[in-house]
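First the structure, in the form of structure tokens, and then the observations on it.
All figures in this text were calculated on a predicted structure; none of them were measured in a lab. Note that ligands are numbered from 1 as they come in the structure, with each ligand's atoms numbered from 1 the same way.
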Amino acid sequence: MVMIMKTIVVGSINLDLVARVPKLPAPGETLTGSTFEMLAGGKGANQALAARRAGADVTMVGAVGTDANGDVALSNLRTAGVDLSNIAAVRETPTGVAMILVDDRSGENEIVVIPGANAHAGEPLRGVEFEHARVLLLQMEVPTAVNKRALALAKSADLTTVLNVAPFSNAALDLAQVADVTIANETEFDALAKLMDLEGSTRHERAMAFAVRTGKTIVVTLGPDGAFAATMEGLVEASAPAITAVDTVGAGDTFCGYFAIQLASKSSLQTALEVACTAAALACKSMGAQAAIPNRDDVERFGG
Ligand code: RIB
């Protein structure tokens, strides 16, 4: 069991508008879906909840609108006991919204995000007590300037910094060279490797090239095939337990939240990858980004 440690998550808070469809539509195609739900989401909020369910004391930093969606978007974080005293409520912009289609057969998804109030996520940063925390967890659904400022504040307070380069943009190039650990899925890693012109004929080689060039750690998630990490010391790999995926939305966020907490509790990289892979697999077994995030006990029962 991990110790309680303070974690700061700076990132997006969205209301997810989720429709289940018989298949993901082609351009110009109209489909009839089976269900529609409005659920709390956002990569930042999902990762904060995952870190909380992994056993950490979590402070969420971000922004919502003063509309009704803001309350819904924060509801699960509030119930779980995440510290919400550093959330800005902005009048002029609505709460961020994500439109999500989930394929009934595969659980795969397509997502479009309208950031709205997430543009203001940096406003509460000046009030955050970084010196009381051990880890900072970031994603890329808030402005790059917010992530840069958060990284600088965390570095000066000697925190371990973890960056999830999702959704991917070229801003990852600068951020990934500052964060102690970068987490990317295969597509995101390939884009980062191209931007950095990393050498190697396999992902493993290119990830090692990243580690050698930056002196930092890169974690590449491989969906059902698990994950691997490259550090200056070499490669570490973990497999994922076999499951039947119902909905993969939020699985990556679950991985990031669990991985960051394992790292903060001084687990080995091997253990951190294994626990995070198990938690992410469990998150695919039921619907919804946040509802599906497992508790630490569930992950332990499943062998993580
Ligand atoms: O990673 C899943 C999340 O991406 C969803 O909750 C949605 O809000 C988008 O931000």
Using 30° and 60° as the class boundaries, would you call the ring planes of F228 and F189 parallel, tilted or perpendicular?
perpendicular
Check ligand 1 against D253 and write out every atom of the ligand that is under 4.0 Å from a heavy-atom position of the residue.
1 (O), 2 (C), 3 (C)
Looking only at distance, does G42 have an N or O less than 3.5 Å from an N or O of ligand 1?
yes
In ligand 1, which numbered atoms sit nearer than 4.0 Å to a non-hydrogen atom of G41?
6 (O), 8 (O)
Please check this pair: side chain of Y258 against backbone of T278, looking for a donor-acceptor N/O pair closer than 3.5 Å.
no
Residue from E141, Q139, K43 passing side chain to side chain donor-acceptor pair (under 3.5 Å) with S12:
E141
Give the residue, atom name and distance (to 0.1 Å) of the protein heavy atom nearest atom 3 (C) of ligand 1.
N46 ND2, 3.6 Å
Sub-4.0 Å atoms of ligand 1 with respect to non-hydrogen atoms of D16
5 (C), 6 (O), 7 (C), 8 (O)
What's the separation between atom CG in N46 and atom CG in L77, rounded to the nearest 0.5 Å?
8.5 Å
How far is atom 4 (O) of ligand 1 from its nearest protein heavy atom, and which residue and atom is that?
K43 NZ, 3.3 Å
E141-ligand 1 polar pair, N/O distance under 3.5 Å:
yes
Between R52 and D83, is the closest basic N to carboxylate O distance under 4.0 Å?
no
Which ligand 1 atoms does A98 reach within 4.0 Å, using its non-hydrogen atoms?
7 (C), 8 (O)
To the nearest 0.5 Å, atom OG1 of T7 lies from atom CZ of R134 at 8.5 Å
